[in-house]
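Some notes on the structure that comes next.
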Protein chains: 2
Amino acid sequence: MLKYNVTIIGVGLIGGSLALSLKDSPLINKIIGIDTNEEGLKKAVSSGIIDTALNLKQGVSDADIIFICTPLSTYSTILNEIKDNLKTGVIVTDVGSTKQKVMQLYQEILSDEVIAIGGHPMAGSETGGLEGADKYLFENAIYVLTPFNNTDEKYIDILKQVLSATGAKIKVLEPVQHDFTVAIISHVPHITAAALVNLTKGNPNDLMLAAGGFRDTTRIASSNIKIWEDIIFTNKNQLIPALESLINILTDYKEIIENNQLKGLSEYLTSAKTIRDSIPAIRKGLLPSFVDIICIVPDKPGIIGQVGLLLGNIGINIVDIEILRAREGDGGTMRIGVPTLKDAEEAIKKLSKENIKAWLK
Amino acid sequence: MLKYNVTIIGVGLIGGSLALSLKDSPLINKIIGIDTNEEGLKKAVSSGIIDTALNLKQGVSDADIIFICTPLSTYSTILNEIKDNLKTGVIVTDVGSTKQKVMQLYQEILSDEVIAIGGHPMAGSETGGLEGADKYLFENAIYVLTPFNNTDEKYIDILKQVLSATGAKIKVLEPVQHDFTVAIISHVPHITAAALVNLTKGNPNDLMLAAGGFRDTTRIASSNIKIWEDIIFTNKNQLIPALESLINILTDYKEIIENNQLKGLSEYLTSAKTIRDSIPAIRKGLLPSFVDIICIVPDKPGIIGQVGLLLGNIGINIVDIEILRAREGDGGTMRIGVPTLKDAEEAIKKLSKENIKAWLK
């Protein structure tokens, strides 16, 4: 069996997680890490995340597959620095959030003897630190590949085989199709979250009432701004028409409300609810679905542990858990996900016996 | 000390939670419940949530304070049915999500001898069922009161004193100020979430990539449609200009991107991030803040319990917990919130000793 030398440029959350998920694969010979943060890189070697740390030019010269895991704005510089040190037939790929501009850079900078295949694993972010690296970060995540139309299928298959160790769901798309879709499901929602916050003008009275839902739904407005500027400008072509469509839809809503068109509002809201409800909740892992119970627990150190043990002792595994409300000195309300309805019913029985109020969500 | 007879019309999530939070207050004589769902009402009596179940006209005749906890669209009918059965000096209040129209109904339907004070506890929703009733639902939530300008301060104080048992933070606002603020922090975000989903047109390929963040940020698009139609149309006057402002901001973004104005984009995004980061995360309870650690745990029944006990045994209380990623047969990544940095450091030490990888978030 062939074994590949992998080089990862940028050993942060994404690069580190990739290394961890690939390191035990029988397809991998060694993993070389490159990063401007030398201390982090040393840590990555000492903790066994990568095999060797090298500088940019040395680190790529022996590579069969190169993953660029740095922010989009660095790609051009990196490609120019490495282009003369690459083996013939090396696969160069990346994890950037937009793909058309990246493919253009590949075309412009790299020689025909380099196989460039765009990539975008839809988990984590390019700015997270190495300490969050997790071999399962990509498991069940969608991992988009955007090869050129004339790329030999053989190379795409090699990359797919290597990436299978991540547990991600690989999906091959045209770069433009990828960029259109992420404009709609990621970039426009991001700008909209920021715009909703801008709308408050930071008025403290308004924000005092905003502590709950508003804070949650605008969470992405707190992301790293530099990264988002890169994403927005590199996806300008897809983003502008998508933003225009959203503005048109919002204008429709406004006119429907202005004209008291209950039927029109109902149709729009119903369509949104139907579509939203059809989106699979795959993010949280392999388990395709689980059953939620709600319980009210007293507040004392270890109570979550005790609830977990109560259920563990009767063979019920908690696959999801969330504290809905908590208050000091007086318990809280928790949501607990278990694999099956039978588990949920047994859990409720067990908890009730212990005087913990519990019911099916 | 005076003791008040309280009548709750609509004993669901909100009405039931109000009853539970008020029932042990020394200011309360008895709590009467009214609901069209007779079975639920019986359950509310048998489980001690309310003292007595009565019909609408009988239930209000002896009341000192009446809480209307039904959907907005029912207010007019209810007020017309009860208006001739009210004691002089009774306080009538409600929990509706908009206030100007409600105050107008009070003015039109009720006599001058009734003290109408609008209310809006910003927790839960009018459609949740009684089984979710929780005496702490309102704790630390903002509870807005909107009296008429000429309402005697004495009555507002009585309502405040009675509501203090809920643990909510009472805030008196003009109805128009309330409606303006909720338009910006709740109603416009709701419509926007729906519009973002509408933008996808339900295209399955796009939605497959939407499983993660998009699904989370559009969660409110899955809410009860009937309730939202009521809210939107009753707050039309504040909602339309707020929607217009959002459309203008989005148009600004579009033009800034079109014209490659990096500085303009940066200013908008930075302003949004600064404002968003300043919103207090008070929803989850009394604890003003906590420190998060991340840990990677093996997957086995009871593991959450074991982690909880490990920490409980050394006196560390888990105040928040969330499973970030989980996979069957291979563990998961959890976020655990503890009260202090010292707790977090001790927890990490303890977990590491047990070979559970953990670090500060």
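Naming convention: chains lettered A, B, ... in sequence-line order (proteins, then strands); numbering from 1 in each chain.
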Tell me, for Lys171(A) versus chain B, whether the close heavy atoms (under 4.5 Å) come from the side chain, the backbone, both or neither. side chain
With rounding to the nearest 0.5 angstrom, report the CG to CE distance, Leu209(A) to Met122(B). 4.5 Å
Can a donor-acceptor pair be found between the side chains of Asn260(B) and Lys236(A) at a distance below 3.5 Å? yes
Pairwise distance CD(Glu131(B)) to CD1(Ile294(A)) - rounded to 0.5 angstrom: 10.0 Å
Name the region of Leu360(B), side chain, backbone, both or neither, that has any atom closer than 4.5 Å to a heavy atom of chain A. neither
Structural part of Glu267(A) lying under 4.5 Å from a heavy atom of chain B: neither
Measure across Ser278(A) and Leu207(B) and return the closest heavy-atom pair with its distance rounded to 0.1 Å. OG-CD1, 3.9 Å
Is Arg215(A) reaching over with its side chain to a backbone N or O of Ile279(B), donor-acceptor style, under 3.5 angstrom? yes
Tell me which donor-acceptor pairs under 3.5 Å the side chains of residues 185-196 of chain A have, and how far apart each pair is, sequence neighbours excluded?
| residue | atom | partner | partner atom | Å |
| --- | --- | --- | --- | --- |
| His187(A) | ND1 | Asn235(A) | ND2 | 3.1 |
| Thr192(A) | OG1 | Val188(A) | O | 2.7 |

Of the backbone (N, CA, C, O) and the side chain (C-beta and beyond), which part of Thr274(B) lies under 4.5 Å from a heavy atom of chain A, both, or neither? neither
In Å, rounded to the nearest 0.5 Å, how long is the span from CD1 of Ile220(B) to CZ of Arg276(A)? 10.0 Å
Decide yes or no on side-chain contact (heavy atoms from CB on, under 4.5 Å) for Ile257(B) and Leu243(A), but give the supporting numbers first. CA-CA 10 Å; Ile257(B) 298 165; Leu243(A) 256 181; 4.1 Å; yes
If you look at every heavy atom in Ser245(A) and Leu199(B), which pair is closest and at what distance? CB-CD1, 3.4 Å
State, with a plain yes or no, whether a side-chain heavy atom of Phe233(A) is found less than 4.5 Å away from one of Leu265(B). yes
For Lys201(A) versus Ile275(B), what's the shortest heavy-atom pair and its separation? C-CD1, 3.9 Å
Short side-chain to backbone donor-acceptor contact, Lys273(B) and Ser222(A), under 3.5 Å: yes
Are any of the side-chain heavy atoms of Asn198(B) and Tyr253(A) separated by less than 4.5 Å? yes
Check whether Ile314(A) gets within reach of chain B through its side chain, its backbone, both or neither, counting any heavy atom under 4.5 Å. neither
Which bit of Ile256(B) is near chain A, if near means a heavy-atom gap under 4.5 Å: side chain, backbone, both or neither? backbone
I need the residue from Val182(B), Val144(B), Thr251(B) with the largest number of non-hydrogen atom pairs under 4.5 Å to chain A. Thr251(B)
Cut-off 4.5 Å, heavy atoms of chain A, and the answer for Leu239(B) is side chain
Measuring heavy-atom distances to chain B, does Glu255(A) have an atom under 4.5 Å in its side chain, in its backbone, in both, or in neither? neither
Smallest separation among heavy atoms of Ala133(A) and Lys357(B), with atom names: O-NZ, 3.7 Å
Counting neighbours of CZ on Phe180(A) that are heavy atoms of other residues, nucleotides or ligands and sit closer than 6.0 Å, is the number greater than 12? no
